[in-house]
Each structure stands twice: as structure tokens, then as C-alpha cells.
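Below: one structure, written as C-alpha cells.
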Amino acid sequence: MSTVKIGKLTEVDVRDLWKHEQYDFSNWLAKEENIKLLDDEIGLTLMDINKEVYIGSYRCDLVAKDETTGQIVIIENQLEATNHDHLGKIITYAAGLDAKTIIWIVKEAREEHKAAIEWLNNNSSEEIGFFLIELHAYKINDSLPAPMFKVVEKPNNFTKTSKLFG
């Protein structure tokens, strides 16, 4: 009788992996192989990634285009719990860049902000969509940590094909 050995899955604090949002996480996410991890989770194909794009005197973490639609996508990173400051930022950046897809990546999504993103999706035009995504990281025993994007809120009836044909 053989015994199957299995490892123990443990969560790693994302702040242990990326100390600084702008210099560490945004730079990591902007790389093609890493943005693909996000693409795979949300069903987009992001290209032309630009970091720290000015909107007036403010700077959006990442700005990209969706390859399928050519529309502007903004990504705001917040490696902590959601707050009103960042909620205001994503709306300001979306307005300033006429973004159609807004992605807010956070360490923890508070209930109030989940409700706010759901409300925005329910009350804005169908061409505009908000994603609220939690970033987690895990390892098995002494393995390298692996990131995981968890979609907390997304646009209603969002699929890549609906953007192509709707």
C-alpha cells in the first residue's frame, strides 16, 4: 500500500512579495507573461501597457488597450484593503481617459466597495465595465509563491464575445 504525499497550501502576504505598488507590483504586472495571468482571469487581451499615465496632475498605475475592441482599459493597484480614495481615483482616471474597462486590483475588497462596484456596473452604460479583483498568492511547502487573481465583482453578463457582437 503506497502513501500519497501531498503538500500544504499556504497563503503568502502579497506585501511580502511586492513591497511597493508602483515600483514592484505595477512593474511586475506590466510584463507580458504576468498581464496574461490577469487576461486569462477576466477574458481580455491587454496590450500596449503604459505605466504611471498622467491624467491632469494624477497618475493612473497602468493603462492598456483591449486587443479585441481597441478600447482603453485602466488598472489601479491597491495592495491593501479597498478605500474611498482609490474608488475616487478609478472614477477620475476612467473619466480622464474615457476608459471603457476599469480594473481595481486590491489585497482585500471591503463589502462597501464591492457594493459600490456592483452599483456602478448596474447603473452605468453597457459599454462601461468595472472589475474589482483581489490579489492573493499561495505556495506549497517551500515552493515559489504563485499569484492568483480572484474576481470579486465584474460587469453584468461580461464575456469577451458579448463585446465582439453586442
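We're numbering straight along the sequence, starting at 1. Because only heavy atoms are used, hydrogens play no part in the values below, and waters and symmetry mates are left out as well, while side chains stay in.
Counting only heavy atoms from C-beta outward, the side chains of Ile133 and Leu38 approach each other to under 4.5 Å. Side-chain atoms of Asn83 and His86, non-hydrogen and from C-beta on, do get closer than 4.5 Å to each other. Between Lys51 and Arg59 there is no side-chain heavy-atom pair separated by less than 4.5 Å. Contact of the Gln78 side chain with the Glu108 side chain is not registered, since no non-hydrogen atoms from C-beta on lie closer than 4.5 Å. In this structure the side chain of Leu46 reaches within 4.5 angstrom of the side chain of Ile75, judged on heavy atoms. Taking 4.5 Å as the limit, every side-chain heavy atom of Glu41 sits out of range of all side-chain heavy atoms of Met148. The closest side-chain heavy-atom distance from Lys107 to Asp13 is below 4.5 Å.
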Determine, step by step, whether Asn156 and Asn122 satisfy the side chain to side chain contact (heavy atoms under 4.5 Å, CB included) criterion, reporting the C-alpha distance in whole Å, the side-chain angles of both residues, the deciding distance to 0.1 Å, and the verdict. CA-CA 7 Å; Asn156 299 325; Asn122 288 336; 2.6 Å; yes
Any chance you could lay out the side chain to side chain contact (heavy atoms under 4.5 Å, CB included) test for Lys36 and Lys31, step after step, and finish with the verdict? CA-CA 9 Å; Lys36 180 152 179 21; Lys31 293 180 181 171; over 6 Å; no
Does Trp18 form a side chain to side chain contact (heavy atoms under 4.5 Å, CB included) with Leu29? I'd like the steps, not just the answer. CA-CA 11 Å; Trp18 299 285; Leu29 185 58; over 6 Å; no
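Glu134 places a side-chain N or O within 3.5 Å of a backbone atom of Ala109 that can act as its donor or acceptor partner. Of the possible donor and acceptor atoms, none in the side chain of Asp48 sits under 3.5 Å from a partner among the backbone N and O of Ala64. The closest donor-acceptor contact from the side chain of Asn141 to the backbone of Gly7 lies at 3.5 Å or more, if one exists at all. With hydrogens and angles disregarded, no donor-acceptor distance shorter than 3.5 Å links the side chain of Glu112 to the backbone of Ala115.
Connectivity analysis of hydrophobic side chains (ILVMFWY, heavy atoms under 4.5 Å, direct or indirect) links Val63 to Val53, Ile55, Tyr58, Ile72, Ile74, Leu87, Ile90, Ile91, Tyr93, Leu97, Ile102, Trp104, Val106, Ile117, Trp119, Leu120, Ile128, Phe130, Leu132, Val152.
Contact check on Lys114 versus Glu111 returns a salt bridge, with a Lys/Arg side-chain nitrogen under 4.0 Å from an Asp/Glu carboxylate oxygen. Using a 4.0 Å cut-off between charged nitrogen and carboxylate oxygen, Arg110 and Glu80 do not count as a salt-bridge pair.
Val12 and Tyr138 are members of different hydrophobic clusters when ILVMFWY side chains are connected at heavy-atom separations under 4.5 Å. Taking hydrophobic clusters as Ile, Leu, Val, Met, Phe, Trp and Tyr residues chained together by side-chain heavy-atom distances below 4.5 Å, Trp28 shares a cluster with Ile49.
Heavy-atom minimum distance, Gly129 versus Pro155: CA-CG, 3.5 Å.
The distance from atom CG of Asp61 to atom CD1 of Ile105, rounded to the nearest 0.5 Å, is 9.0 Å. With rounding to the nearest 0.5 angstrom, the OG1 atom of Thr45 is 9.5 Å from the CD1 atom of Ile42. Note: Glu67 CD to Met47 CE = 5.5 Å, rounded to the nearest 0.5 Å. Distance check, rounded to the nearest 0.5 Å: NZ of Lys150 to NE2 of His136 gives 5.5 Å. From Thr69, atom OG1 reaches atom NZ of Lys100 across 10.0 Å, with rounding to the nearest 0.5 Å.
The salt bridge (Lys or Arg N to Asp or Glu O under 4.0 Å) check on Asp24 picks up nothing, with sequence neighbours excluded.
Environment of NZ in Lys65: sparse, with no more than 12 heavy atoms of neighbouring residues, nucleotides or ligands closer than 6.0 Å. Applying the 6.0 Å contact sphere to NE2 of His20 captures more than 12 heavy atoms from other residues, nucleotides or ligands. Surrounding CD of Glu33 are more than 12 heavy atoms belonging to other residues, nucleotides or ligands, all under 6.0 Å away.
Of the candidates Val14, Leu135, Leu17, Leu62, Leu135 is the only one forming a side chain to side chain contact (heavy atoms under 4.5 Å, CB included) with Phe25.
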